[in-house]
Amino acid sequence: MTKRRKFIIQSVFLSICLFATQFVEIRYRYLAIFCLGLLAYFFTAFSLKEDLKKIGWLMNLPLPALYTVAVALFYFLLPEIFLTRIFILVFFGIGMYAILLIENIFSVAAARTIQLLRAAQAVGFLMTLVTAFLFYDAIFSFKFSALINALLIFLISFFLLFPSLWSVILNEKIDKITIQYALILSLLISQFALFISFWPLTITAVSLFLVTACYVFLGIVQNHLAGRLFNNTLREYLRVAIIILIITFFLASWG
């Protein structure tokens with residue numbers, strides 16, 4: 001069986017499982033979502049086993065599992081409208097297939113250079129941001145305290161940013177620089193989460209603000225690691241950050 005066929009089967013099967021979680025009793029639903037994330041992790045390991053290196057267990061497998069959990073949590077929070085849920089299922093299936101393709105490219109590129117790497121890095125960057133947004137939205141939907149929000153967002157951000165930063169350099173071993181950058185960026189985003197928790201904003205506005213911070217920080221560091229952080233690039237990221245901060249300020253219901 002070819003890898004692409006495995007990826008299609010995995011994406012369809014996980015989409016069906018995601019739909020099935022809605023029929024689980026509420027008290028067991030979060031356990032079902034956790035198990036679904038584990039399924040995504042081990043199915044991805046099975047699909048990529050031919051090219052998966054030791055470091056791949058830490059770098060290539062987390063995003064499919066985290067993406068699955070993030071969509072499942074977001075799916076659980078949606079109103080029970082049939083068309084909306086079908087749209088999310090289709091979105092999930094397509095996103096999962098795209099993630100499997102890029103993780104396959106990363107696992108191969110860790111051993112040899114391939115032409116599709118730059119495209120895979122761009123798609124991986126996008127899917128990391130999508131997963132972050134869904135997680136941030138879910139976390140703030142649970143109405144935790146500001147400190148709990150910051151702690152959860154720190155953890156989620158680290159497990160998303162660490163593999164994303166590694167995908168730029170594709171080292172065969174975990175290096176301190178990647179860990180340090182992932183920790184610093186996650187801490188910065190969690191501090192923004194703590195800060196924005198006290199603003200009178202909707203959950204969607206808060207999530208967009210945080211994912212924009214993630215976009216700016218991750219984009220700057222990825223370009224730095226790739227040796228492509230020029231003045232124009234830095235100014236572009238800073239311009240986006242300032243614009244979003246101004247928009248978020250005016251979206252707040254200061255009353």
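Since this is a predicted model, take the numbers as computed values, not measurements. The analysis underlying the following values was restricted to heavy atoms, covering all of them including side chains, and did not include hydrogens, waters or symmetry mates.
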Consider only side-chain N and O atoms of [X] and [Y], and report whether a donor and an acceptor are under 3.5 Å apart.
{"X": "Y41", "Y": "T68", "result": "no"}
{"X": "S47", "Y": "Q10", "result": "yes"}
{"X": "Q222", "Y": "R228", "result": "no"}

In terms of ring plane angle, is the pair F192 and F217 parallel, tilted or perpendicular, where the classes change at 30° and 60°? tilted

If the plane angle is over 60° it's perpendicular, under 30° parallel, otherwise tilted; pick one for F76 and Y30. perpendicular

Does the side chain of D137 come within less than 4.5 Å of V206's, by heavy atoms? no

Heavy-atom check, side chain of F74 versus side chain of F135, under 4.5 Å: no

Just do the side-chain contact (heavy atoms from CB on, under 4.5 Å) check on L48 and L100 with the steps written out, would you? CA-CA 9 Å; L48 300 177; L100 292 173; 5.6 Å; no

Show, in sequence, the C-alpha distance, side-chain angles and deciding distance for F13 and F43, and conclude whether the ring-ring contact (aromatic ring centres under 6.0 Å, His included) test is met. CA-CA 10 Å; F13 178 74; F43 281 176; 5.5 Å; yes

Report yes or no: do L31 and F42 belong to one cluster of Ile/Leu/Val/Met/Phe/Trp/Tyr joined by side chain heavy-atom distances under 4.5 Å? no

Linked, directly or transitively: I86 and I16 (ILVMFWY side chains, under 4.5 Å): yes

Within this structure, what is the [atom1]-[atom2] distance for the pair [X] and [Y], rounded to the nearest 0.5 Å?
{"X": "F106", "Y": "I55", "atom1": "CZ", "atom2": "CD1", "answer": "13.0 Å"}
{"X": "L89", "Y": "I94", "atom1": "CG", "atom2": "CD1", "answer": "11.0 Å"}
{"X": "M96", "Y": "M127", "atom1": "CE", "atom2": "CE", "answer": "8.5 Å"}
{"X": "I177", "Y": "I169", "atom1": "CD1", "atom2": "CD1", "answer": "9.0 Å"}

For side-chain contact (heavy atoms from CB on, under 4.5 Å), just list the numbers for K3 and E50, CA-CA rounded to whole Å, side-chain angles, deciding distance to a tenth of an Å, and then say yes or no. CA-CA 10 Å; K3 281 186 178 180; E50 296 174 6; 3.7 Å; yes

Do [X] and [Y] make the cut of ring centroids closer than 6.0 angstrom?
{"X": "Y136", "Y": "F209", "answer": "no"}
{"X": "Y75", "Y": "F92", "answer": "no"}
{"X": "F23", "Y": "F19", "answer": "yes"}

Is there any salt bridge (charged side-chain N to carboxylate O under 4.0 Å, His left out) pair reaching into residues 18-40, and which pairs are they, with sequence neighbours excluded? E25-R27

So, using side-chain hydrogen bond (donor to acceptor under 3.5 Å, both in side chains) as the criterion, who are the partners of S197 when residues are at least two apart? none

